[in-house]
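Taking it in order: structure first as structure tokens, then the write-up.
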There are 2 protein chains.
Amino acid sequence: MQGEELLRVTGDDGERTDAARNRRLLLDAAAEIVALHGPDKLTTEGVARRAGVGKGTVFRRFGSRAGLLHALADEAGRSFQQAFMAGPPPLGPGAAPLDRLIAFGEASIARMHFDGQILRAAEQRGGPDPEHPTQQLIRLHLSLLLRQLGVQDPELASYQLAAFLNAGLLLHLQEHRGMSTARLCESWRTLVAALAAQGPAPDRTSDRSLDHVLDRASDSALDRPSDAGRECT
Amino acid sequence: MQGEELLRVTGDDGERTDAARNRRLLLDAAAEIVALHGPDKLTTEGVARRAGVGKGTVFRRFGSRAGLLHALADEAGRSFQQAFMAGPPPLGPGAAPLDRLIAFGEASIARMHFDGQILRAAEQRGGPDPEHPTQQLIRLHLSLLLRQLGVQDPELASYQLAAFLNAGLLLHLQEHRGMSTARLCESWRTLVAALAAQGPAPDRTSDRSLDHVLDRASDSALDRPSDAGRECT
DNA sequence: GAATAAAGCGGACCGCGGTCCGCTTAGATA
DNA sequence: TATCTAAGCGGACCGCGGTCCGCTTTATTC
């Protein structure tokens with residue numbers, strides 16, 4: 001009659017110590033393989049063998065190959081999350097919403113140089129999963145900023161913007177279409193500025209807000225080729 | 001010494017008659033399986049068995065499972081291509097570029113009710129392949145219209161728009177987020193109108209073009225819940 | 001109709017993602 | 001320390017996507 005809550009005191013998250021140990025072993029082994037041979041060469045059996053555990057453990061801990069990649073990508077992107085949620089402006093709080101939006105996109109694009117490979121591999125299989133916590137966090141952030149800009153239906157607009165910041169798409173544009181980071185950032189600014197321009201004050205003084213937006217967009221256009229979002233990763 | 005061009009006279013596309021026959025058999029078998037059990041249940045072996053051919057033939061003819069799905073989706077979407085390239089306005093030529101863009105998005109969204117399942121299945125594996133001819137055609141169409149609107153970098157903007165018209169995303173929003181077709185269309189109009197608003201005349205008379213755009217957008221807002229793009233499929 | 005050369009064919013085969021179930025071990029209780 | 005229970009473990013197993021290579025068919029030429 002010890003009740004049904006007899007454990008749950010061992011690990012930090014109700015995870016048994018051996019389970020936690022194996023999670024770390026697998027994560028490290030996976031990171032090693034990815035660093036050595038790229039994400040495509042990561043097989044569930046290989047990572048299990050390298051970690052010294054059975055294949056079933058991989059699926060117990062991460063659910064799927066994609067889950068493992070996602071966990072890997074999340075570890076790499078944790079500092080990025082920190083940066084845009086609690087870091088210094090313009091990425092973090094304190095700057096104007098439009099500036100934060102622009103900075104977020106530029107940082108996301110710049111981020112591809114570092115862990116784009118892993119991000120792309122993680123979002124394989126059925127396109128990027130919009131239900132993944134990380135994706136949800138990104139969209140929440142975007143929709144908050146969009147709401148502050150007075151954009152209509154910020155939630156749906158956040159999906160539109162997030163669809164473009166997709167790692168698979170950005171890497172494709174960079175690698176297979178030879179588009180520069182600067183060009184992608186420029187297009188991002190244009191897109192965001194366009195959305196912002198029609199949000200606030202659609203009745204009068206609309207040209208003032210429009211000019212404001214256009215000025216802001218052209219201010220930062222075509223410079224800063226790839227040093228945007230240095231604080232990521 | 002008959003030269004190296006001795007055949008190439010049989011099928012309509014240099015395809016041997018048995019090859020063409022098997023292609024049709026496979027396509028029909030695949031369509032049948034999809035109609036009966038959904039795209040997820042389509043296996044290369046199953047479709048081969050149903051078509052009465054070997055498994056290798058599937059890959060010879062379509063390259064991969066995704067290729068087969070793509071061919072299926074293309075067949076279903078051929079009339080849609082016709083409609084926006086040579087059909088009646090506003091989808092086809094003759095209408096104003098902005099109207100055509102709006103109509104295109106609305107038709108794409110409406111199309112999901114019919115062959116969204118197949119489209120999503122086809123674009124599985126690594127997100128939608130931007131190099132597929134159908135995707136290229138869609139982006140070409142979009143970029144042409146965007147250029148007529150004076151949008152900066154129409155090519156890249158077409159990627160942004162196409163990213164949103166992704167079947168996987170649209171179906172997700174409809175099925176898992178309960179978003180209505182009307183809401184998706186509304187958001188599409190807003191997005192396109194925003195891009196169009198800053199395209200032409202960024203120096204003077206910008207408020208005229210802006211008003212023009214906003215009027216046009218609000219004209220068709222919130223009505224036409226799901227009867228848009230009837231001519232598709 | 002015989003010969004011929006290449007395109008086509010198909011099923012055995014492989015690798016990997018994912019599942020399952022009997023065994024092991026951690027950790028709590030006494 | 002003995003015991004007990006559930007979480008954890010791992011490798012055999014399965015299904016499917018994709019490849020390969022020797023055999024068959026097609027269509028042309030003489």
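So you know, we letter chains A, B, ... as the sequences are listed, proteins then strands, and number each from 1. Source: prediction; values computed, not measured.
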* **For B/F104, ring pair (Phe, Tyr, Trp, His ring centres under 6.0 Å) partners two or more places apart** =>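 Ring pair (Phe, Tyr, Trp, His ring centres under 6.0 Å) list for B/F104, sorted by chain: B/F80, B/F84, B/H141.
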* Asked: Taking CZ from A/R65 and C1' from C/dT19, how many angstroms apart are they, rounded to a whole number?
  ->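 Result: 18 Å.
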* Quickly work out the A/F59 CZ to C/dG17 C1' distance and round it to whole Å. =>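 For the pair A/F59 CZ and C/dG17 C1', the rounded distance is 5 Å.
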* Report which part of the nucleic acid A/R61 touches: base, sugar-phosphate, or nothing (heavy-atom distance under 4.0 Å, all strands). =>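 Counting heavy atoms under 4.0 Å across all strands, the contact made by A/R61 is with sugar-phosphate only.
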* To do: With heavy atoms under 4.0 Å as the rule, sort B/V53 into base, sugar-phosphate or nothing.
  =>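 Touches sugar-phosphate only.
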* Over all heavy atoms of both residues, which pair between A/D129 and A/Q135 is shortest? Give the atoms and the distance, please. =>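 In this case the closest contact between A/D129 and A/Q135 is O-CG, 3.5 Å.
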* Asked: Start at the 5' end of DNA chain C and walk down; is the nucleotide closest to A/R60 or to A/K55 reached first?
  ->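 The residue whose closest nucleotide sits nearer the 5' end is A/K55.
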* To the nearest 10°, let me know how far the axis at one end of the helix from C/dG1-D/dC30 to C/dA30-D/dT1 is tilted from the axis at the other, five pairs an end. =>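 Rounded value for the end-axis angle: 0°.
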* A/R177 with B/E155: basic N within carboxylate O range, under 4.0 Å ->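 Counted as a salt bridge, because a side-chain N and a carboxylate O are separated by less than 4.0 Å.
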* Residue-level proximity of residues 22-52 of chain B to DNA chain D when a heavy atom falls under 4.0 Å ->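 The answer is B/L42, B/T43, B/T44.
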* Within 45° cone of B/F59 ring axis and under 6.0 Å: B/R65 NZ or CZ ->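 No, B/R65 does not lie over the aromatic ring of B/F59.
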* Any idea how B/Y159 and A/H172 line up, ring-wise: parallel (<30°), tilted (30 to 60°), or perpendicular (>60°)? ->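 Answer is tilted, since the angle falls between 30° and 60°.
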